[in-house]
2 protein chains.
Amino acid sequence: MNEVLVSESKQPGSKRIVAYFKERLLRGELKVGDRIMPERELAVELEVGRPLLREVLRSLSMLGLLDVRHGSGTYIGKADIRVLSDFFTFCLSQEQDILDDTMQARMAIECQAIRLACSRANEADLARIGQWLGVLIKTLGDPEEGGKADFMFHQSIVAASHSRSLTTLYGALAELLQLSHVERRKTTYRNPEIIGDLGEAHREVFLSIVAKDPDQADQRLREHFAIGDEVRRKSLIEAYRKGSEGA
Amino acid sequence: MNEVLVSESKQPGSKRIVAYFKERLLRGELKVGDRIMPERELAVELEVGRPLLREVLRSLSMLGLLDVRHGSGTYIGKADIRVLSDFFTFCLSQEQDILDDTMQARMAIECQAIRLACSRANEADLARIGQWLGVLIKTLGDPEEGGKADFMFHQSIVAASHSRSLTTLYGALAELLQLSHVERRKTTYRNPEIIGDLGEAHREVFLSIVAKDPDQADQRLREHFAIGDEVRRKSLIEAYRKGSEGA
DNA sequence: TGCGTTAAGTGGTCTTACCAATTGTGCCCA
DNA sequence: TGGGCACAATTGGTAAGACCACTTAACGCA
């Protein structure tokens, strides 16, 4: 969308349509909930055919920027970050070891979020984090349910930061992160000692938020991540050994 | 794209088209660089009209997932994160004080990236960071050029992390971050003392990477952000006082 | 005044036609 | 025999017109 600015009439129709929306959205002329001009009228105004206009409208709709309602009209939507979960999955899935690397993005967002949560979390936030901590502990022996609870626990912390940009980024990675949680659980869930440590580590993370100590919370969370890394490293070594002996 | 799975033939045409691509991309049947079936053939196979197919192809193309070449064919693209810069800008620009909040996302990504850069940065990375440090110092008195150099300095650090997910997220926020850099400079550039401190702070950040000390690098970067916040707080207070006296 | 019916307005999908860019094939000439 | 040029085929780009389907508004009648 960031094209070199040339005479609008010389630009391909599709780019003129995109520019039309971009300008009006950024100018505030079109706001969430506004109804835009009907397709046939807009096509005439932009001097394009309706099929081409619909191509762009569909694109913007798939991003959530437009809310197209059959028989009613087309409205400016609230940009939907959920669509990005798929996109990020596509984007990053073309990379090797992406689940491992996603940990970096997760650590980046969560460590900053937990710092903010220490000062911004309200009673409802703390209650929600505590609730997911409870569910997590109950489901320690179940990789699927435990992985989901683990994800929700961490997502509650990010939500407690009350930072729109952090929750947006976290939401964009949600599908990959959730997959990562479940995969991690599957490599470790059979070891009761590890499982016990896992619950304990999450409890300490929670308590550090309650204590409202940003540096400590950041540290506890990093320790939690490091424990998880170490656990998986040992599991891999053990699996490798078993594999060698079997050979 | 995460729709409830129903009989494919009963789904609207557009959803079937999206599902067609999603399945084949995730299955690895379609890889970057592959050429897909010509439009007219694909329309027949999916039992949709060509205009509808083009609507979805245009959408996927705008996300960079498809590389459509006039007269040549349609190829699977490498998902282009640059498109997300605009989308994130739309997404987050619907929020109040978004430039301020974007700082949180920036801090999250950069503080994690700089930790990784301490162990992963190679000679070329360090040279590039140093180069942008030089440009930054030369352009301290120019908000536009200095803002760009500042952004590039920080972006080089993120690149030096060699983390695909962090660079992807940072790229998605690039437009907002760059705007943020320039805006910050505009509030402070007239004060020579602040400007001097700015150059010095960046130098210390750079040196901490060279020293390969993750905790120190993280701390220096946070101090740098804190100094920037303090500077802007003072500038706002001063502007407010002047405003009051003028009233 | 409220309900039902009809018509108008709006998006959804498709067929057909034609334009424009790229690529491949065949023929001619050196 | 090889290279170059021209033409045709293949592919994407754009549009008009037709018709379907959903929503909303207006009008008439009880």
Side-chain angles (χ1 to χ4, degrees), chain A residues 1 3-4 6-21 24 30 32-78 80 83, chain B residues 1 3-4 6-21 24 30 32-78 80 83:
Chain A
M1 279 203 242
E3 295 81 17
V4 173
V6 299
S7 166
E8 191 168 287
S9 65
K10 285 185 166 56
Q11 279 193 26
S14 59
K15 292 189 185 301
R16 288 195 281 110
I17 302 167
V18 167
Y20 172 94
F21 283 104
R24 284 156 182 74
L30 287 173
V32 174
D34 285 357
R35 182 165 175 279
I36 71 170
M37 197 178 293
E39 285 182 10
R40 291 171 177 83
E41 272 187 54
L42 192 50
V44 169
E45 162 154 336
L46 290 166
E47 295 178 347
V48 294
R50 194 169 159 238
L52 178 61
L53 175 64
R54 287 186 57 81
E55 285 182 21
V56 177
L57 293 184
R58 169 84 62 177
S59 304
L60 299 177
S61 167
M62 283 180 74
L63 288 174
L65 289 170
L66 291 181
D67 180 8
V68 184
R69 301 177 204 167
H70 191 174
S72 178
T74 302
Y75 301 77
I76 301 298
K78 188 164 180 54
D80 193 344
V83 68
Chain B
M1 280 205 243
E3 294 83 16
V4 175
V6 298
S7 166
E8 190 169 287
S9 64
K10 286 185 166 57
Q11 280 194 26
S14 60
K15 293 190 186 298
R16 287 195 282 109
I17 301 167
V18 168
Y20 172 94
F21 283 104
R24 285 157 181 75
L30 287 174
V32 174
D34 285 356
R35 181 166 175 276
I36 69 169
M37 196 179 293
E39 287 182 10
R40 290 169 178 85
E41 270 187 57
L42 193 50
V44 169
E45 162 154 337
L46 289 167
E47 295 178 347
V48 295
R50 197 173 156 234
L52 177 60
L53 175 65
R54 286 183 59 81
E55 285 182 22
V56 177
L57 293 184
R58 169 83 61 175
S59 304
L60 298 177
S61 168
M62 283 179 74
L63 288 174
L65 290 170
L66 290 182
D67 179 8
V68 183
R69 301 177 204 167
H70 190 173
S72 177
T74 301
Y75 302 79
I76 302 297
K78 187 166 182 55
D80 194 344
V83 69

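In this text, all values refer to a predicted model and were calculated from it rather than measured experimentally. Order of the sequence lines fixes the chain letters, A, B, ..., with proteins taken first and strands second; residue numbering starts at 1 for each chain.
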4.5 Å side-chain heavy-atom contact, B:R58 and A:L52: yes
So how far off straight is the helix from C:dT1-D:dA30 to C:dA30-D:dT1, going by the axes through five pairs at either end, to 10°? 10°
Can a cation-pi geometry be assigned to A:R16 and A:Y20, taking NZ or CZ under 6.0 Å from the six-membered ring centre and within 45° of the ring axis? no
From the list D:dT14, C:dG12, C:dT15, which nucleotide is the closest neighbour of the side chain of B:R54? D:dT14
Which heavy atom of A:V48 sits nearest a heavy atom of A:G13, and at what distance? CG1-CA, 3.8 Å
Take atom CZ of B:R50 and atom C1' of D:dA16, then tell me their distance rounded to the nearest Å. 14 Å
If I take atom CZ in residue B:R58 and atom P in nucleotide C:dT13, what distance separates them, rounded to the nearest angstrom? 17 Å
Side chain to side chain contact (heavy atoms under 4.5 Å, CB included) partners of B:E41, counting only residues at least two apart: B:M37, B:P38
Salt bridge (Lys or Arg N to Asp or Glu O under 4.0 Å) partners for A:R40, two or more places apart: none
Between A:I76 and A:L65, is the side chain to side chain contact (heavy atoms under 4.5 Å, CB included) condition met? List the steps. CA-CA 6 Å; A:I76 301 298; A:L65 289 170; over 6 Å; no
How many whole angstroms separate atom OH of A:Y75 from atom P of C:dG11? 9 Å
With sequence neighbours excluded, tell me which residues meet side-chain hydrogen bond (donor to acceptor under 3.5 Å, both in side chains) with B:R50. B:E39
Just jot down the side-chain hydrogen bond (donor to acceptor under 3.5 Å, both in side chains) partners of A:R35, sequence neighbours excluded, or say none. none
Report the distance from atom CG of A:L53 to atom P of D:dG17, rounded to the nearest whole Å. 17 Å
Could you check which of D:dT14, D:dG13, C:dC14 has an atom nearest any side-chain atom of B:P51? C:dC14
Output one line per pair: protein atom, nucleotide atom from nucleotides 3-10 of chain C, and distance, for all N/O pairs under 3.5 Å.
unit_1	atom_1	unit_2	atom_2	d
C:dG9	N2	A:G71	O	3.0

